[in-house]
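When a ligand or atom number is given, it counts from 1 through the structure's own listing order. Computed over heavy atoms, backbone and side chain alike; hydrogens, waters and symmetry mates excluded. Numbers for residues simply follow the sequence, beginning at 1.
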Amino acid sequence: MKRRESGSGQRRISPTNNRQSGVNIMKILITGGAGYIGSHTCLTLLEEGHEICVVDNLVNSKEAPLARVQEITGRHLDFQRVDLTQKERLRRVFAAHSFEGIIHFAGLKAVGESAVMPLPYYRNNICGTLVLLELMQAYGVKNLVFSSSATVYGEPESVPIRETAAVGPTNPYGRTKLMIEYILKDLYQSDPEFNIAILRYFNPVGAHGSGRIGEDPNDIPNNLMPFISQVAVGKQPRLSVFGSDYPTPDGTGVRDYIHVMDLAAGHGCALEKLCQNPGVVTYNLGTGRGYSVLEMIAAFERVSGRPIPYQLVDRREGDIAVCYADPALAEQDLGWRAKRGIEEMCTDVWRWQSANPNGYE
Ligand code: NAD
Ligand code: UDP
């Protein structure tokens, strides 16, 4: 028997249509909206006309990007500093709003750290999601876009990777993503009123073209692009290239880098898809094109005019040789395709990094 925790009836999407843009305007809760991908998505969705409330505990972010998003768009968003695992705090947010859809970015994401301290990763990512889903059910909010990752595929049998490929994450972080995917599918089986878009991101990079918001890692960056840009701006002396003996054209790892603004647009398309009551759908968000580490260094040097000193070192444990998406399903079903190439990705990162050498500080 279904039990509701509030007196509210079930809320399906009853969006208002923005005639000019053709977009269905919704009231959206964005968890983790102060983070890197979340802040760019808030900007895109505000520009599309949606109403937004962000919940974030700021464990890996600051409030500054949300202020800048409001400056850039000239629109207001509601921000609540709430940890998703604190159910009563989150319940108050649900009680105060009538959400029509939720985009769930909040989570811990550092692969290496997840191997060193798996329990906080499982607690935060899984328990946070369970609390969110319980409240969605209680308040009859049944439309969800979830941030998954290409890491659920682990070592791919072949590339490009389709959504039907075997899954098998090789680290605790990736396993939290896959477990949440299973939880979402089970939830839908038990309650087919849910509509859920699982988005498997490849390698998000880039920044908004204004140079006002971008990626701002707390410590020494783990990921390639923020590391390169910190070398370019003089914050790191040189890049370590992890592995030069992979079976790739130049021996370095190949990944599918996708501009964060293309990714943000994908969330708008996924929300539109939920209006068609699709049930659970899973899409790769990537470009379909892979670049090696050395190609990324060369592209960044070209656009920034700065040298990127690097040294070839041993492979990083857990890394795979090649990973890139087959993004055809997202194009076919969502009408979404990544538009920005490698030059624009590097140009936008450089604009952000050179204008904000210390990030949001
Ligand atoms: P991010 O760390 O910048 O953003 C995540 C946000 O969630 C942060 O602002 C953090 O403070 C918040 N958060 C974490 N735990 C929370 C909790 N319990 N309650 C409330 N807020 C909490 O990361 P991002 O790069 O913007 O990634 C967003 C999502 O996309 C994450 O779920 C991540 O796993 C996923 N993803 C990211 C990448 C990537 O390379 N950036 C790739 C694939 C998937
Ligand atoms: N990489 C590297 N040096 C770094 C960080 C990353 O050579 O300091 C390489 C890494 O081995 C991989 C690619 O860059 O081949 C992308 O790594 P990232 O951590 O950005 O993404 P992921 O490993 O999650 O695909």
(message) Looking only at distances, can you tell me whether any N or O atom of Phe242, backbone or side chain, sits closer than 3.5 Å to an N or O atom of ligand 2?
(response) yes
(request) For atom 2 (O) of ligand 1, grab the closest protein heavy atom and report residue, atom and distance to one decimal in Å. (result) Asn60 ND2, 2.7 Å
(message) Using heavy atoms and a 4.0 Å limit, tell me yes or no: is Gly33 in contact with ligand 1?
(response) no
(request) Would you check whether Thr85 has a nitrogen or oxygen atom less than 3.5 angstrom from a nitrogen or oxygen atom of ligand 1? (result) no
(message) For atom 5 (C) of ligand 1, what is the closest protein heavy atom, and at what distance to 0.1 Å?
(response) Gly107 O, 3.9 Å
(message) For Asp83, which part has a heavy atom under 4.0 Å from ligand 1: side chain, backbone, both, or neither?
(response) both
(message) Among all protein heavy atoms in this structure, tell me which lies nearest to atom 10 (C) of ligand 1, with the distance rounded to 0.1 Å.
(response) Asp56 OD1, 3.4 Å
(message) Check this for me - ligand 1, Ser148, N or O atoms closer than 3.5 angstrom, yes or no?
(response) no
(request) Specify the protein heavy atom at minimum distance from atom 18 (P) of ligand 2: its residue, its atom name, and the distance to 0.1 Å. (result) Asn223 ND2, 3.5 Å
(message) For atom 18 (N) of ligand 1, what's the nearest protein heavy-atom neighbour? Residue, atom name and distance, please.
(response) Asn124 OD1, 2.8 Å
(request) May I ask whether Val82 places a heavy atom under 4.0 Å from ligand 1? (result) yes
(request) Ignoring angles and geometry beyond distance, decide whether Lys109 reaches within less than 3.5 Å of ligand 1 through its nitrogen or oxygen atoms. (result) yes
(message) To check your reading of the model: name the closest protein heavy atom to atom 13 (C) of ligand 2, its residue, and the distance in Å.
(response) Tyr257 OH, 3.5 Å
(message) Quick test: of every protein heavy atom, which one is nearest to atom 31 (C) of ligand 1, and how far off is it to 0.1 Å?
(response) Phe105 O, 3.1 Å
(request) Give the residue, atom name and distance (to 0.1 Å) of the protein heavy atom nearest atom 19 (N) of ligand 1. (result) Leu84 N, 3.0 Å
(message) For atom 17 (O) of ligand 2, what is the closest protein heavy atom, and at what distance to 0.1 Å?
(response) Arg316 NH2, 3.5 Å
(request) Starting from atom 27 (O) of ligand 1, find the nearest protein heavy-atom neighbour and note its residue, name and distance. (result) Ile37 CD1, 3.7 Å
(message) So for ligand 1, is Pro204 a polar contact partner (N or O within less than 3.5 Å, distance only)?
(response) no
(request) Could you pull out, from Arg255, Arg238, Met296, Gln230, the option with a heavy atom nearest to atom 15 (O) of ligand 2? (result) Arg255
(request) Please say whether Leu224 places an N or O atom under 3.5 Å from an N or O atom belonging to ligand 2. (result) yes
(request) Give the atoms of ligand 1, by number and element, whose distance to some non-hydrogen atom of Leu58 is under 4.0 Å. (result) 11 (O)
(message) Checking a contact table here: which protein heavy atom is nearest atom 3 (O) of ligand 1, and how many Å away?
(response) Tyr36 N, 2.8 Å
(request) Give yes or no for whether the N/O distance cutoff of 3.5 Å, strictly under, is met between Val59 and ligand 1. (result) yes
(request) Take every heavy atom of His104, measure it against each atom of ligand 1, and state whether any distance is under 4.0 Å. (result) no
(message) Tell me whether Gly35 has any N or O atom under 3.5 angstrom from an N or O of ligand 1.
(response) yes
(request) Could you tell me whether Asn223 and ligand 1 have an N or O pair separated by under 3.5 Å? (result) no
(message) With heavy-atom distances below 4.0 Å as the criterion, list the atoms of ligand 1 near Ser147.
(response) 29 (C), 30 (O), 32 (O), 35 (C)
(message) Looking at Glu181 and Arg200, is any side-chain nitrogen of the basic one under 4.0 Å from a carboxylate oxygen of the acidic one?
(response) yes
(request) Quick one: look up the protein heavy atom nearest atom 10 (C) of ligand 2 and list residue, atom name and how far away it is. (result) Asp319 OD2, 3.4 Å
(request) Answer with yes or no whether Tyr201 contacts ligand 2, where contact means a heavy atom under 4.0 Å from a ligand atom. (result) no
